[in-house]
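Below is one structure, written out as structure tokens; the observations come after it.
Note that the structure is predicted; figures quoted are calculated from it, not measured. Just so it is clear, the values below take in all heavy atoms, side chains as well, and ignore hydrogens, waters and symmetry mates. Chain letters run A, B, ... following the sequence lines, proteins first, then strands; residues in each count from 1.
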Amino acid sequence: MTQKEYNNGVSLWADEVYRFAVHCGGGEELSKDAVQEAYASLWECRERIPVEKGKAYLLTVAHNHLMSHHRREQVYQRVLPQLTPAVSVAPDERFDLQEALRKAMARLPHVQQAAIELKDVEGYSCREIAEILSLTEKQVSVYLFRARVSLKKTLIALGYDNNN
Amino acid sequence: MTITTDNYELYFYQYAEGELDAAGREAVEAFASQHPELAEELALYDPDLKLTESHIPCPNKESLLHHDRQVLPLWRWVAAACLVGLLGGVWLFWPVSQTPQQLAALHPAEVSNPSTQPKGEADTVEKTDPSILSKPRLAVRTVRKVSMPSVTEERQSVADVAELQMPVEDQPTIQSEISADPMLQSANESAPQLLASAEPVAVEEPTKTLVIEYTDIVLASNVVVEEVDRVEEGKVSTRLRNLRSRVSNTIRDYAYQAYAETRGELLALADR
């Protein structure tokens, strides 16, 4: 990857990597850090990373950054479900499926969030997701299954049904 | 394919995503019928329940870009400093000369025939010669003119000039530097031939002159330029730094010499 290709990669992928980090529970500051680290790592390794692998590499580094942060915050993570306010939507409020999904996503384990984000938003296959998240393909399938079942349970608890 | 309570999620996922063949689908359905509590999960799985893309712009994206730094290499600053110093030196010693017509207008009675000028004095009484300027390695030879009141003092003043010219042997610093540098050495050796090829211009008016030669300055600057051409971009060799200081020192020496000699002569004239 040349310097020009790297700079093109900033224009093309920075928003997507940042969005991925935000949706995986990064928050604004942590997501910015993740993007910075991802691009810094890509710049360091640009000579051995082909352009077509650039985005996947960025997502991998960003995800690893988020995971290491979450591991450091393990104590906080243990009490997170208690601190996270219950997802609720007022009965008379128009049900916004995507907003509810995002709120429900926040309650998923980070690896499931990342798998769903990469599958639904980034459009990666299970094999590619496995490569990015350093998992096996079977593990990705299981995480996706668990994530979707959890999301559906949360949405039903919120009053969502398929007819909405 | 054996579905168990440990691996059923994988097969449920493949079943819901339509990735199983007919035999696989039958196996999953059979397992689900045997485990109704797990079959509820399969029923909850909705492959159409997907997140959609949302636009969240990355802040400070420009800070991630990498550009070539536009830094002017140091050797260019050094070359520029040498050039400025050289131009300053030339400006300092550039003669405020008068044309022969102007001289004739000022001193009509003292203008003599150039052919009567003693041959041996022609080399020491010169002014800027355009033919000399066209020679790349030849110094600009200039004259500081101090008008003399009478013809009788002319010959004495010419003799004074011969004494005032500082021979190269009396300039140990410059000579040692030239002899220490092969390039300066070769240039110095070729300088007499170049100087000899220049046609001296006789001055019709009896003047007392102080001859300032810039040969060493110009030769040193040529060496600097050649050295700069060889220096890799962004690097400055120790030799280039030494050459730069050598040029500066030479200009300073000549400036001091010219000042001292001119002052001495003016004082001598004032005494007379």
Ion pair check, A:E5 and A:K55, cut-off under 4.0 Å = no

key: Heavy-atom side-chain proximity of A:I116 to A:M105 below 4.5 angstrom   = yes

inquiry  = Can you classify the ring geometry of A:F145 versus B:F12 as parallel (below 30°), tilted (30 to 60°) or perpendicular (above 60°)?
reply    = perpendicular

remark   = So, the part of A:V22 with a heavy atom under 4.5 Å from chain B: the answer is side chain

request  = Could you check which of A:V35, A:L144, A:V17 has the highest count of heavy-atom pairs closer than 4.5 Å to chain B?
outcome  = A:L144

query = In terms of ring plane angle, is the pair B:Y45 and B:Y13 parallel, tilted or perpendicular, where the classes change at 30° and 60°?
reply = perpendicular

message = Please classify the contact between A:K138 and chain B as side chain, backbone, both or neither, with a heavy-atom cut-off of under 4.5 Å.
response = both

task = Quick one: which of B:E62, B:H55, B:K61 has the most heavy-atom pairs under 4.5 Å with chain A, could you say?
result = B:K61

task = Give the member of A:E122, A:E117, A:H23 that has the highest number of heavy-atom pairs under 4.5 Å with chain B.
result = A:H23

message = Between B:L42, B:D48, B:N60, B:L65, who has the most heavy-atom pairs with chain A when the cutoff is under 4.5 Å?
response = B:L65

query = Does a salt bridge link B:E17 with A:K119, judged by any charged N lying under 4.0 Å from a carboxylate O?
reply = no

